Engineer: 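First, the structure itself, so that you have it in front of you.
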Amino acid sequence: MRISQFHLATQREVPNDAEIVSHQLMIRTGMIRKLTSGIYTWTPLGLRVLRKVEQVVREEMNASGCLEVLMPAIQPAELWQETDRWDAFGPLLLKITDRAGREFAFGPTHEEVMTDFARAELRSYKQLPICFYQIQTKFRDEIRPRFGVMRAREFLMKDGYSFHMDEACLDDFYQIMHATYSRIFERLGLNFKAVEADSGNIGGATSHEFHVLADSGEDQLAHVPGAQYAANVERAEAVAVGERAAPTEELKTIDTPNAKTIEDLVEQFDQPIEKTIKTLIVEASAESEHDLVALLVRGDHELNDIKAEKLEIVASPLKMATDEQIKKAVGASPGSLGPLNLPLPIIADRQVALMSDFSAGANVDGKHHFGLNWERDLPLPDVADLRKVVAGDPAPDGSGEIELIRGIEVGHIFQLGRKYSEAMNAVVMDEQGRGTHPAMGCYGIGVSRIVAAAIEQNYDERGIVWPEPMAPFKVVILPLNGHKSHRVKEFAESLYDTLTEAGVEVLLDDRNQRPGVMFADAELIGIPHTVVVSDRGLDQGTIEYRPRGSEQREVDMNQIGAFLLGHL
RNA sequence: CGGGGCGUAGCGCAGCCUGGUAGCGCAACUGCUUUGGGAGCAGUAGGUCGCAGGUUCAAAUCCUGCCGCCCCGACCA
């Protein structure tokens, strides 16, 4: 491609709404342009990258036996009503009405459409297992779109769905998909990690996420360096450490008029934070016959919302009680709550159950108890895993100490089970001629998000440093003063022809720009291999070769073609 | 949705407080010069000042309403 024939639209300045590096660079390189909040145009440059990712995904899915389809983006409300997700999916679902007043949604995911397809197409166990996938535009009316295509409302996603006669078969295929995903991210040249995950509102039991590792990632991951264990902190099990020591202190009630937080208590009363208890009041579930529930975590620990709302007694989604609710139920303010004489159901974190001689609010404003001990001063409440893991915690599999890192979720695989096949009555005949609801798996990859995630992981002060498999072009040729020097121009043209004929994606900068502009653009858009043709070099019989992100060197002008072909 | 901020040329901004000719940098266009790190000079073009009302002799500027966008929280590929 000649730049003069291309639409290269780089810019020096970035719009002030671009917060993170990938968003800034995608705008500066001209890969994307915003149409409106969370909705972007992919320019020719950006689309080349998007297609690269898409193609790797497609090839690996095909290689694992999956079959590509393309399903409608617009889906009728009736399908979503069958699974109760028309309402349950909430405002994330973009709803559309046609001229006849019929309701539709712009698909945020395709379980319903796929299950509908399957119930029509799949009749016999002989057709199973089978996996269909598509690469298609989705729309989720995100509460807050941000970071460019990283969290866009409209985005490109690969979603696959598999069907199986039994769980064992599903599990086997799930492992295949796990391996397929790993190959995809390896091929793309990304530093990634697969972690145990929470399955969220898609449903299902077993689930893994694939994360591109980057400090700007929105997700926190718990892993053990050098070992197997890795989980999203949302999900990571917190193991209690140690044993409960025997009481050594007397129970005392102390006036603490100025201690409204755990930090105050620690500072003003010289309490070790590991000896304090944080009492959080949340709304109870409708089935529980309570209004509120108290959750206890150690003072230096944080409540894990996901774990909490999975408890039967706790309302889901989790809702913290208001100050008024607490005042009414307990008679004290949030700064003075504790488990002793608390007129609410109580659930303690595992670690809390091992504490002794601890302090907590007295449920009277301005008073705390010190020297509290379970089973002496108050009964041990129900115990559950409630807290977020922290660095240094032992991994639940005993493999070592947990370290926390950040990642960008780019893939998610689920074992859905029979949730959708039952809800939508998809039935296939088994070997005995009995109708069976097939077990399903579901496998997503955020194709457009991968592009942004790759940049978060691969850039320097000059621009993007594409992993070679994602680069929009492999080589860029810069003829310095090519419009003045015939031999520079001719050499560049001839090299361009050689590489093009060899099937290399090569960009020729034929814009008559000054060298600085050419270098800056080549580096900004992150082309892996730059070739500089100049009079200076030709005088010495050499061509300059600059791999993006490492040292340049001179190559014999007669060898440069072969040299490049050998390096690509 | 709650809290905060911003809408002036393609992009980044000033002007608004204190009403009176709409301005700067980058980008764009023309010419000349320049050519190994985002050039210089000269010139040109480009604006319903987010929209609608109101106040006023006069509104980018003051008032009211609406719309859009961004940031902080809950959601997700």
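Atom set for the values below is all heavy atoms of this structure, side chains included, hydrogens, waters and symmetry mates excluded. As the structure is a computational prediction, the values presented were derived from the model and not from experiment. In what follows, chains are A, B, ... by sequence order, proteins preceding strands, each numbered from 1.
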Engineer: Regarding A:Glu493 and A:Arg2, does a basic nitrogen lie under 4.0 Å from an acidic carboxylate oxygen?
Structural biologist: yes
Engineer: For A:Leu93 and B:C75, what is the distance between atoms CG and C1' respectively, to the nearest whole Å?
Structural biologist: 14 Å
Engineer: Between B:C32 and B:C51, how far is it from one P atom to the other, in whole Å?
Structural biologist: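 Their P atoms lie roughly 41 Å apart.
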Engineer: Regarding A:Lys278 and A:Glu302, does a basic nitrogen lie under 4.0 Å from an acidic carboxylate oxygen?
Structural biologist: no
Engineer: Would the A:Phe210 and A:His178 ring centres measure less than 6.0 Å apart?
Structural biologist: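 They qualify: ring centres under 6.0 Å apart.
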Engineer: Using the C1' atom as the reference point in each nucleotide, state the distance between B:U55 and B:C11 in Å, no decimals.
Structural biologist: 35 Å
Engineer: Please answer whether B:G36 and A:Phe519 are stacked, defined here as ring centres separated by less than 5.5 Å and planes angled under 30°.
Structural biologist: no
Engineer: Take atom C1' in B:C29 and the same atom in B:U18, then report the distance between them in whole Å.
Structural biologist: 40 Å
Engineer: Can you confirm whether more than 12 heavy atoms, excluding those of A:Gln552, are under 6.0 Å from its CD atom?
Structural biologist: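 Above 12, so yes.
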Engineer: Closest approach to the side chain of A:Asp219, judged atom by atom: which nucleotide of B:G36, B:C76, B:G37 is it?
Structural biologist: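 Among the listed nucleotides, the one closest to the side chain of A:Asp219 is B:C76.
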Engineer: If I take atom CG from residue A:Leu79 and atom CH2 from residue A:Trp86, how far apart are they, to the nearest 0.5 angstrom?
Structural biologist: 10.5 Å
Engineer: Once you apply a heavy-atom cut-off of 4.0 Å, does A:Ala18 come out as touching a base, just sugar-phosphate, or nothing?
Structural biologist: nothing
Engineer: Classify the side chain of A:Arg146 and the base of B:C70 as holding, or not holding, a donor-acceptor pair under 3.5 Å.
Structural biologist: no
Engineer: Specify the residue among A:Val447 and A:Asp305 whose closest nucleotide of RNA chain B lies further upstream toward the 5′ end.
Structural biologist: A:Asp305
Engineer: What integer number of Å spans the P atoms of B:C69 and B:U8?
Structural biologist: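 Their P atoms lie roughly 14 Å apart.
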Engineer: Do A:Glu13 side-chain and B:G25 base share a donor-acceptor contact under 3.5 Å?
Structural biologist: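 By the distance-only test, yes, there is a pair.
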Engineer: Quick one: is B:G36 close enough that its OP1 or OP2 comes under 4.0 Å of any side-chain N or O from A:Arg536?
Structural biologist: no
Engineer: Can a donor-acceptor pair be found between the side chains of A:Glu456 and A:Ser216 at a distance below 3.5 Å?
Structural biologist: yes
Engineer: Any base atoms under 4.0 Å from A:Gly444, or only sugar-phosphate, or nothing? Heavy atoms, all strands.
Structural biologist: nothing
Engineer: For B:G65, which nucleotide is its Watson-Crick or G-U wobble mate, given both distances must be under 3.5 Å?
Structural biologist: B:C51
Engineer: Which is true for A:Arg153 with a 4.0 Å heavy-atom rule: it touches a base, it touches only sugar-phosphate, or it touches nothing?
Structural biologist: nothing
Engineer: Under 4.0 Å between any heavy atoms, over every strand shown, what does A:Val410 touch: base, sugar-phosphate, or nothing? Just pick one.
Structural biologist: sugar-phosphate
Engineer: What's the CZ-C1' distance between A:Phe139 and B:C75, to the nearest Å?
Structural biologist: 14 Å
Engineer: Provide, to the nearest angstrom, the distance between the CG atom belonging to A:Asp141 and the P atom belonging to B:C75.
Structural biologist: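 Checked: the CG to P distance equals 16 Å.
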Engineer: Run the numbers on A:Phe414 and A:Tyr161 for ring-ring contact (aromatic ring centres under 6.0 Å, His included), then give the verdict.
Structural biologist: CA-CA 10 Å; A:Phe414 306 81; A:Tyr161 307 86; 9.9 Å; no
Engineer: Looking at A:Lys328, I want to see if its NZ is surrounded by more than 12 non-hydrogen atoms of other residues, nucleotides or ligands under 6.0 Å.
Structural biologist: no
Engineer: Between A:Lys138 and B:C76, does any side-chain N or O lie under 4.0 Å from OP1 or OP2?
Structural biologist: no
Engineer: Students often get this wrong, so: under 4.0 angstrom with heavy atoms, is A:Asp521 touching a base, only sugar-phosphate, or nothing?
Structural biologist: base
Engineer: Let's test this: given Watson-Crick or G-U wobble pairing with both distances under 3.5 Å, identify the partner of B:A42.
Structural biologist: B:U30
Engineer: State whether A:Glu111 and A:Arg85 are salt-bridged, where the test is any N-O pair (Lys NZ or Arg NE/NH1/NH2 against Asp/Glu carboxylate O) under 4.0 Å.
Structural biologist: yes
Engineer: For the side chain of A:Arg514, starting at C-beta, report the closest nucleotide among B:A39, B:G38, B:G36.
Structural biologist: B:A39
Engineer: Which nucleotide wins on minimum distance to the side chain of A:Met157, given the candidates B:G36, B:A77, B:G37?
Structural biologist: B:A77
Engineer: Looking at A:Ser448, I'd like to know whether one of its side-chain N or O atoms comes within less than 4.0 Å of OP1 or OP2 on B:A77.
Structural biologist: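 No.
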Engineer: Which nucleotide, if any, forms a Watson-Crick or G-U wobble pair with B:U35, using both distances under 3.5 Å?
Structural biologist: none
Engineer: With hydrogens left out and only the distance checked, is there a donor-acceptor pair under 3.5 Å joining A:Arg449's side chain and the base of B:C76?
Structural biologist: yes
Engineer: So what's B:G2 paired with, Watson-Crick or G-U wobble, going by both distances under 3.5 Å?
Structural biologist: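 Because both required distances fall under 3.5 Å, B:G2 counts as paired with B:C72.
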Engineer: Once you round it to whole Å, what is the distance between P of B:G36 and CD1 of A:Ile543?
Structural biologist: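 Going from CD1 in A:Ile543 over to P in B:G36 covers 16 Å.
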Engineer: Is the glycosidic torsion of B:U34 within 90° of 0, making it syn, or is it anti?
Structural biologist: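 The base of B:U34 is oriented anti (glycosidic angle more than 90° from 0).
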Engineer: Expressed in angstrom and rounded to an integer, what is the separation of A:Leu92 atom CG from B:C76 atom P?
Structural biologist: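 A:Leu92 atom CG is separated from B:C76 atom P by 8 Å.
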Engineer: Counting side-chain heavy atoms from CB outward, which of B:C11, B:U35, B:A39 is closest to A:Gln11?
Structural biologist: B:C11
Engineer: For A:Asp17 and B:G7, what is the distance between atoms CG and P respectively, to the nearest whole Å?
Structural biologist: 13 Å
Engineer: Any side-chain N or O of A:Ser37 under 4.0 Å from OP1/OP2 of B:G68?
Structural biologist: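 Result: no.
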Engineer: Pick the C1' atom in B:A58 and in B:G20, then give their distance to the nearest Å.
Structural biologist: 7 Å
Engineer: Does B:A22 have a Watson-Crick or wobble mate here (both distances under 3.5 Å), and if so which one?
Structural biologist: none
Engineer: Would you measure the distance from the P atom in B:G15 across to the matching atom in B:G7 and give it in whole Å?
Structural biologist: 10 Å
Engineer: Any strand counts, and the cut-off is 3.5 Å on both contacts for Watson-Crick or G-U wobble. Which nucleotide pairs with B:A14?
Structural biologist: none
Engineer: Considering only side-chain heavy atoms of A:Arg546, which listed nucleotide, B:A77, B:C75, B:G37, is closest?
Structural biologist: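 Among B:A77, B:C75, B:G37, the one nearest the side chain of A:Arg546 is B:G37.
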Engineer: With RNA chain B as reference, determine whether A:Arg511 or A:Gly446 sits nearer its 5' end, using the nearest nucleotide of each.
Structural biologist: A:Arg511
Engineer: Please state the C1' separation for the pair B:A59 and B:A45 - nearest whole angstrom.
Structural biologist: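 Between the two C1' atoms, the distance is 27 Å.
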Engineer: Across the strands shown, which category fits A:His483 at heavy-atom distances under 4.0 angstrom: base, sugar-phosphate, nothing?
Structural biologist: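 Base, at least one base atom sits under 4.0 Å.
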Engineer: Between atom CD in A:Glu19 and atom C1' in B:C6, what is the gap in whole Å?
Structural biologist: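 Atom-to-atom, A:Glu19 to B:C6, this comes out as 13 Å.
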Engineer: Measure from the side chain of A:Lys484, starting at C-beta and using heavy atoms only, and say which of B:U35, B:C75, B:G68 lies closest.
Structural biologist: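 Comparing B:U35, B:C75, B:G68 against the side chain of A:Lys484, the answer is B:U35.
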Engineer: From B:C70, B:G37, B:A77, pick the nucleotide closest to the side chain of A:Arg462?
Structural biologist: B:G37
Engineer: Using Watson-Crick or G-U wobble geometry with both distances below 3.5 Å, tell me the partner of B:A58, or none.
Structural biologist: none
Engineer: Is any side-chain nitrogen or oxygen of A:Arg144 closer than 4.0 Å to OP1 or OP2 of B:G4?
Structural biologist: no
Engineer: What integer number of Å spans the C1' atoms of B:G2 and B:A74?
Structural biologist: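 Looking at atom C1' only, B:G2 and B:A74 are 11 Å apart.
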Engineer: Classify the side chain of A:Glu544 and the base of B:G36 as holding, or not holding, a donor-acceptor pair under 3.5 Å.
Structural biologist: yes
Engineer: For A:Asp521 and A:Arg511, what are the C-alpha separation, side-chain angles and deciding distance, and is it a salt bridge (charged side-chain N to carboxylate O under 4.0 Å, His left out)?
Structural biologist: CA-CA 12 Å; A:Asp521 275 343; A:Arg511 292 178 297 175; 3.0 Å; yes
Engineer: Over how many whole Å does the gap from A:Glu409 atom CD to B:A77 atom P extend?
Structural biologist: 5 Å
Engineer: Among B:C76, B:C26, B:A77, which nucleotide sits nearest the side chain of A:Arg12?
Structural biologist: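 So the side chain of A:Arg12 is nearest to B:C26.
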